[in-house]
Amino acid sequence: MSETGSRTLLLEFEADTALETAREAVAEGQCVVFPTDTVYGIGCAAFDAKAVTGLLEAKKRGRDMPPPVLIAEASMLRALAGQVPEAARKLVARFWPGALTIIVKAQRSLPLDLGETRGTVAVRVPDHDQARALLRRTGPMAVSSANVSGQPAATTAGEARRMLAEAVAVYLDGGRAPGGKASTIIDFTGDEHGRVLRQGAIDLEELREVVPELQAG
């Protein structure tokens, strides 16, 4: 463990104590940075509206750009989604964990305030063992790329720290993240077969092998 400032810690991600320190920070309503299967993410408790506001402020980002929610297991989707169409279930079974984000209608009873979502939630299971280990401890997290909006997404803990500084309580250093393409985003709130909003790491041809009726963006 090494202190990086009066309020922030830089920890080696592999250590069990690092995961526990990050969990405690999330439980206290603070933001943490950790690697995923794409880039480093800045995350906080998904059901803590004040923490989500802090995340958006750290990124200098408005409520019109709500963060997605990362979960550890596909089975947790039912706790967040009010309805999951059959096409979404098929894609989740094929591509989770992985670079697929689905947008579904959120459970109305959930205390979920991520920004201007219009009753929806974007959800993903990252293909990164350490990230999922953290998520198993914290529960669902609101997560966005670890950068100030308009700047390149961080692929190392150091890059994230230079941009986000003391807005983050704990930086988990897991080495360089793969970077590359962002996740593919599919919206299931308007069409039960889904519509691609962003073509990312998973291309349309692969997706249509599972759901032939999938609409292009």
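Starting from 1, each residue takes its place in the sequence as its number.
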S.K.: Measure the CZ-CD1 distance between Arg118 and Ile103 for me, rounded to the nearest 0.5 Å.
M.R.: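 Atom-to-atom, Arg118:CZ and Ile103:CD1 are 12.0 Å apart.
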
S.K.: Test of understanding: with side-chain hydrogen bond (donor to acceptor under 3.5 Å, both in side chains), list the residues that count as partners of Asp16, not counting sequence neighbours.
M.R.: Arg137

S.K.: side-chain contact (heavy atoms from CB on, under 4.5 Å) with Arg195: which residues, sequence neighbours excluded?
M.R.: Gln215

S.K.: Does any part of the side chain of Ile71, heavy atoms only, come nearer than 4.5 Å to the side chain of Leu135, both counted from C-beta?
M.R.: no

S.K.: Which pair of heavy atoms, one from Ile186 and one from Gly194, lies closest together, and at what distance?
M.R.: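 Minimum heavy-atom separation between Ile186 and Gly194: CG2-CA, 3.9 Å.
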
S.K.: Minimum heavy-atom separation for Leu100 and Trp96, please, with both atom names.
M.R.: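 That closest heavy-atom pairing would be O-NE1, 2.8 Å.
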
S.K.: Indicate every side-chain donor-acceptor pair of residues 177-184 with a distance under 3.5 Å to a residue at least two apart or in another chain.
M.R.:
{"unit_1": "Ser183", "atom_1": "OG", "unit_2": "Thr101", "atom_2": "OG1", "d": "2.9"}
{"unit_1": "Ser183", "atom_1": "OG", "unit_2": "Arg198", "atom_2": "NH2", "d": "3.2"}
{"unit_1": "Thr184", "atom_1": "OG1", "unit_2": "Gly200", "atom_2": "N", "d": "2.9"}
{"unit_1": "Thr184", "atom_1": "OG1", "unit_2": "Ile202", "atom_2": "N", "d": "3.1"}
{"unit_1": "Thr184", "atom_1": "OG1", "unit_2": "Ile202", "atom_2": "O", "d": "2.7"}

S.K.: Looking only at non-hydrogen atoms, find the nearest pair between Val33 and Ala160 and report the distance.
M.R.: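 Nearest heavy atoms, Val33 then Ala160: CG1-CB, 3.9 Å.
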
S.K.: Find out if a path of hydrophobic residues (ILVMFWY) with successive side-chain heavy-atom gaps under 4.5 Å connects Val196 to Phe95.
M.R.: yes

S.K.: Check for a donor-acceptor pair, side chain of Arg132 on one end and backbone N or O of Pro126 on the other, with a separation under 3.5 Å.
M.R.: yes

S.K.: Considering non-hydrogen atoms only, spot the tightest contact between Leu56 and Leu114 and give its length.
M.R.: CD1-O, 4.2 Å

S.K.: Flag yes if Val211 and Val104 sit in one hydrophobic cluster, no otherwise; membership is Ile, Leu, Val, Met, Phe, Trp, Tyr, and two members link when side-chain heavy atoms are under 4.5 Å apart.
M.R.: yes

S.K.: Out of curiosity, Leu9 CG to Leu172 CG, how far, rounded to the nearest 0.5 Å?
M.R.: 9.5 Å

S.K.: Using atom types as modelled, flag every donor-acceptor pair under 3.5 Å from a side chain in residues 139-150 to any protein atom, sequence neighbours excluded.
M.R.:
{"unit_1": "Ser144", "atom_1": "OG", "unit_2": "Lys59", "atom_2": "NZ", "d": "3.4"}
{"unit_1": "Ser144", "atom_1": "OG", "unit_2": "Arg61", "atom_2": "NH1", "d": "2.7"}
{"unit_1": "Ser145", "atom_1": "OG", "unit_2": "Lys59", "atom_2": "NZ", "d": "3.4"}
{"unit_1": "Ser145", "atom_1": "OG", "unit_2": "Asn147", "atom_2": "OD1", "d": "2.5"}
{"unit_1": "Asn147", "atom_1": "OD1", "unit_2": "Lys59", "atom_2": "NZ", "d": "3.1"}
{"unit_1": "Asn147", "atom_1": "ND2", "unit_2": "Gln151", "atom_2": "O", "d": "2.7"}
{"unit_1": "Ser149", "atom_1": "OG", "unit_2": "Lys59", "atom_2": "O", "d": "3.3"}

S.K.: Do Leu11 and Phe13 belong together in a cluster built from hydrophobic side chains that touch within less than 4.5 Å?
M.R.: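 Yes: a chain of side-chain contacts under 4.5 Å links Leu11 to Phe13.
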
S.K.: Could you work out, with side-chain contact (heavy atoms from CB on, under 4.5 Å) as the rule, every residue matching Gln83, not counting sequence neighbours?
M.R.: none

S.K.: Between side-chain atoms of residues 84-92 and protein atoms elsewhere (two or more places apart, or another chain), which donor-acceptor pairs fall under 3.5 Å?
M.R.:
{"unit_1": "Glu86", "atom_1": "OE1", "unit_2": "Arg89", "atom_2": "NE", "d": "3.3"}
{"unit_1": "Glu86", "atom_1": "OE1", "unit_2": "Arg89", "atom_2": "NH2", "d": "2.7"}
{"unit_1": "Arg89", "atom_1": "NH1", "unit_2": "Val84", "atom_2": "O", "d": "2.5"}

S.K.: State plainly whether one hydrophobic cluster holds both Val32 and Leu19, where clusters connect Ile, Leu, Val, Met, Phe, Trp and Tyr through side-chain heavy atoms under 4.5 angstrom apart.
M.R.: yes

S.K.: Look at the side chain of Gln107 and the backbone N and O of Arg78, then say whether any donor-acceptor pair between them is shorter than 3.5 Å.
M.R.: yes

S.K.: List for me each residue that meets side-chain hydrogen bond (donor to acceptor under 3.5 Å, both in side chains) alongside Asp187, sequence neighbours excluded, and say none if there are none.
M.R.: Thr189

S.K.: Looking at every heavy atom in both Leu112 and Ala106, which two are closest together, and how far apart are they?
M.R.: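 Closest heavy-atom pair between Leu112 and Ala106: CD2-CB, 4.4 Å.
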
S.K.: Could you tell me which residues satisfy side-chain hydrogen bond (donor to acceptor under 3.5 Å, both in side chains) with Asp113, sequence neighbours excluded, listed by chain and number?
M.R.: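 With neighbours one apart ignored, the set is Arg63.
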
S.K.: Run through the side-chain heavy atoms of Ile, Leu, Val, Met, Phe, Trp and Tyr, join any pair under 4.5 Å, and report what else lands in Met65's cluster.
M.R.: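 Joined to Met65, directly or through intermediates: none.
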
S.K.: Which residues satisfy the side-chain contact (heavy atoms from CB on, under 4.5 Å) test with Arg176, sequence neighbours excluded?
M.R.: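 side-chain contact (heavy atoms from CB on, under 4.5 Å) check on Arg176 returns Thr155, Thr156, Glu159.
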
S.K.: With sequence neighbours left out, write down each residue that passes side-chain contact (heavy atoms from CB on, under 4.5 Å) with Thr38, or none if nothing qualifies.
M.R.: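 Partners of Thr38 by the side-chain contact (heavy atoms from CB on, under 4.5 Å) criterion, ordered by chain and then number, come out as Thr36, Arg124.
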
S.K.: Ignoring hydrogens, what is the shortest heavy-atom contact between Val170 and Val168? Give both atom names and the distance.
M.R.: O-CG1, 3.2 Å

S.K.: Under the salt bridge (charged side-chain N to carboxylate O under 4.0 Å, His left out) test, which residues partner Asp203, sequence neighbours left out?
M.R.: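 Not a single residue meets the salt bridge (charged side-chain N to carboxylate O under 4.0 Å, His left out) criterion with Asp203.
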
S.K.: Ignoring hydrogens and angles, tell me if any N or O in the side chain of Tyr40 forms a donor-acceptor pair with the backbone of Asp173 under 3.5 Å.
M.R.: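 Not a single qualifying donor-acceptor pair exists.
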
